[in-house]
Novice: 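Just dropping this structure here.
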Amino acid sequence: MHSMDWKESDAVKLLDIVTYPDKFLKQQTQPIENIDGQLQALIDAMGHTMYQAPGIGLAAIQVGIDKSMLVYDIQPPEDGHRLNVLINPSIVAREGTILSENEGCLSVPEFRADIKRSERILVEAVDREGNPQRIEAEGLLAIVLQHEIDHLTGTLFIDHVSALKRQMYARKMAKKLKQQ
Ligand code: NI
């Protein structure tokens, strides 16, 4: 099972989200070799952090852990939370092209853009119990998974926009930091 019903708990730690232009986000992450208690605690903390933000996807690198793992939940919040976990995911097939509409990222606050993505993808990964998973995704799920799997190789969605747009955003954030 790569997804489970999720209940919010105060016992779970809220993690700090690393934001652009922090160089930490630019690195290639390492595959996970041991699915142990420490990893389960990290998964729960990432779920909690994603729901609190709120966001629909979060990669471990975004909370300062350079491991190949991500969580996501694209269900409308009124339907409850269903946390999905993918460990060591990779995209093994792609088909078609779509434009994501108004894509955003918890690590790139106050920036939205339409990004060219594959329309359909096939993802292989393991779940939090170590069972192999194959996920055929299209639409929003395909976009979210491409966005999160990009994070695992140090790519941010802002890296897919023009250099000019990226520079404008970097300048805006630098200005903001100075004012704080
Ligand atoms: Ni992101």
Side-chain angles (χ1 to χ4, degrees), residues 2-3 6 13-32 39 42-77 81-91 94 97-121 123 125 128 133 135 137-163 165-170 172-174 176-177:
H2 77 282
S3 75
W6 174 267
K13 193 163 100 175
L14 200 61
L15 304 168
D16 289 332
I17 295 176
V18 181
T19 55
Y20 181 88
D22 195 316
K23 291 255 183 316
F24 190 80
L25 294 167
K26 299 297 294 171
Q27 64 189 306
Q28 172 75 39
T29 60
Q30 300 304 309
I32 289 174
L39 186 72
L42 171 64
I43 291 167
D44 290 338
M46 281 174 59
H48 183 54
T49 303
M50 177 182 76
Y51 289 127
Q52 288 291 314
I56 57 174
L58 186 69
I61 191 83
Q62 293 180 269
V63 292
I65 310 286
D66 63 341
K67 295 287 181 196
S68 179
M69 184 184 46
L70 61 91
V71 297
Y72 68 93
D73 184 353
I74 60 163
Q75 200 164 253
H81 290 330
R82 200 157 178 84
L83 185 68
N84 301 277
V85 180
L86 294 182
I87 295 168
N88 302 337
S90 64
I91 297 171
R94 303 173 174 269
T97 307
I98 45 168
L99 212 54
S100 70
E101 281 168 35
N102 220 17
E103 196 169 323
C105 177
L106 295 175
S107 291
V108 190
E110 296 171 46
F111 186 80
R112 295 260 165 191
D114 298 346
I115 308 292
K116 212 158 118 191
R117 299 286 189 188
S118 298
E119 193 174 5
R120 278 177 295 279
I121 55 169
V123 174
R128 67 188 293 174
Q133 300 288 322
I135 298 160
E138 57 178 13
L140 178 61
L141 180 58
I143 291 166
V144 169
L145 292 180
Q146 286 169 82
H147 177 118
E148 298 309 327
I149 292 170
D150 261 0
H151 273 298
L152 306 180
T153 56
T155 302
L156 297 172
F157 86 116
I158 198 167
D159 296 325
H160 295 301
V161 306
S162 72
K165 273 193 190 158
R166 203 161 46 243
Q167 280 160 15
M168 282 168 65
Y169 174 73
K172 179 178 139 185
M173 294 318 274
K176 225 180 144 165
L177 267 178

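Every number for a ligand or one of its atoms is a count from 1 in the order of the listing.
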Novice: To check you understand the geometry: which heavy-atom pair defines the closest contact between Ile32 and Met69, and what is its length?
Specialist: CD1-CB, 3.7 Å

Novice: Can you tell me if CD on Gln28 sees more than 12 non-hydrogen neighbours from other groups inside 6.0 Å?
Specialist: yes

Novice: Using the side chain to side chain donor-acceptor pair (under 3.5 Å) definition, which of the options His147, His160, Arg112 pairs with Glu103?
Specialist: His147

Novice: By residue and atom, what protein N/O/S atoms are less than 2.8 Å from the Ni ion (ligand 1)?
Specialist: Cys105 SG, His147 NE2, His151 NE2

Novice: Hey, is the main chain of Thr19 close enough, under 3.5 Å, to the side chain of Asp22 for a donor-acceptor pair?
Specialist: no

Novice: Please work out which of the three classes, parallel, tilted or perpendicular, describes the rings of Tyr169 and Tyr20, given edges at 30° and 60°.
Specialist: tilted

Novice: Heavy atoms, side chains only, cut-off 4.5 Å: are Pro89 and Gln133 in contact?
Specialist: no

